[in-house]
Amino acid sequence: MTDTATITTADRVSIIPIAGALGAELSGFDLSSELTDAEVQTIRQALLDHGVIFFHGQDFDTGAHKRLARRFGDIFNHPFLISDDPDVVTIVREPGDTRIVGEDWHSDTAMVAEPPMGAILIALEVPDYGGDTLFANQYLAYDALSDGMKDLLANLKALNSDRLVAGPGAAELSDSRSTKSRTGPDWRETVNAHPVVRTHPETGRKCLYVNHSYTVGFEGMTEDESKPLLNWLLEWGHRPEFTCRFRWRKGSVAFWDNRCTKHIAVDDVHDTRRVMRRIQIAGDRPY
Ligand code: SIN
């Protein structure tokens, strides 16, 4: 990911990194409008260059949110978060909630065969402070490993399941927050093996692809056997030097590349309402 600020020839557009590891703020875009092909191309390139990109001062309804997402791919319907509109997840924290969506480091929906390539999240109601989101660059997490560890991981596959965040095992989690998971008899566990080190389909770079919310072990090993190495990789993947932290305002937007980043919602505002609207964009099978 690049670490230099870019002012495009259009001049009104700026792309300013917010941290050494990843993340850049873009200005000069009105995401509620029909984007031109050139604007889509600039945003897409910024996403590839910076892993996660941010916008402020945006205001768009669900219809415009869908139109925006469709400029980058098909909409991905979330399999277990309950929502009136399958294309959209509203992530709500009400005062009194003791758990939140995204409270562990994760890449989204990693248990499906073709996890989403990204997500676009807009802040509708946020506290004056707190409720930030952290992101971690998984290219850097891979690049910084020793050659020995890279060799060890080269052919390893991880089993990813939704049983930690949905289904009966997640009933207490779901009951403790306003945005609910499927936990009843209509839920079936989804498990898929994905490479521990995946290759980004657009940049060709390798990145680490395991996460706290979905990865339960390695293929061909018991979960107990997997734990020491898996736990080490999970903690390694969000060392501070791989991360950035985003402070939301009402109307801020984050668009992350779900293939090469992880993220976590910081659970530090217990008495305040926080409402976000998210649309995910379909992706490919990791390889
Ligand atoms: C998520 O994990 O997608 C939610 C992030 C957030 O609410 O900040």
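In what follows, every heavy atom counts, from backbone to side chain, and hydrogens, waters and symmetry copies are set aside. In each ligand, atom 1 is the first atom listed, and ligand 1 is the first ligand listed.
Short contacts between ligand 1 and T133, defined as distances under 4.0 Å to a heavy atom of the residue, involve ligand atoms 6 (C), 8 (O). Close approach to R274 involves these atoms of ligand 1, each under 4.0 Å from a residue heavy atom: 6 (C), 7 (O), 8 (O). Heavy-atom proximity to G102, at under 4.0 Å, picks out these atoms of ligand 1: 2 (O). Which parts of ligand 1 touch W256 is read off a 4.0 Å heavy-atom cut-off, strictly below it: atoms 3 (O). Ligand-side atoms of ligand 1 in range of I91: 4 (C), range being under 4.0 angstrom from any heavy atom.
Within the structure, ligand 1 lacks F246 among the residues with a heavy atom less than 4.0 angstrom away.
Under 4.0 angstrom from ligand 1, there are no non-hydrogen atoms of F135.
Taking the ring axis of Y139 as reference, the NZ or CZ atom of R205 stays within 45° of it and closer than 6.0 Å to the ring centre. With a 6.0 Å cutoff to the six-membered ring centre and a 45° limit on the axis angle, K150 counts as a cation-pi contact of Y142.
Counting only non-hydrogen atoms, the option in R278, H78, Q280 that gets closest to atom 3 (O) of ligand 1 is R278.
Other cluster members for I279: I75, V88, joined by side-chain heavy-atom distances under 4.5 Å among Ile, Leu, Val, Met, Phe, Trp and Tyr.
Relative ring orientation between F246 and H56 is described as parallel, the plane-to-plane angle staying below 30° on a 0-90° scale split at 30° and 60°.
Shown here is E172, whose CD atom has no more than 12 heavy atoms of other residues, nucleotides or ligands within 6.0 Å.
No side-chain donor-acceptor contact under 3.5 Å links D37 and Q41.
For H263 and W105, the ring centers are positioned 6.0 Å apart or more.
Among the atoms of H106, some N or O lies under 3.5 angstrom from an N or O of ligand 1.
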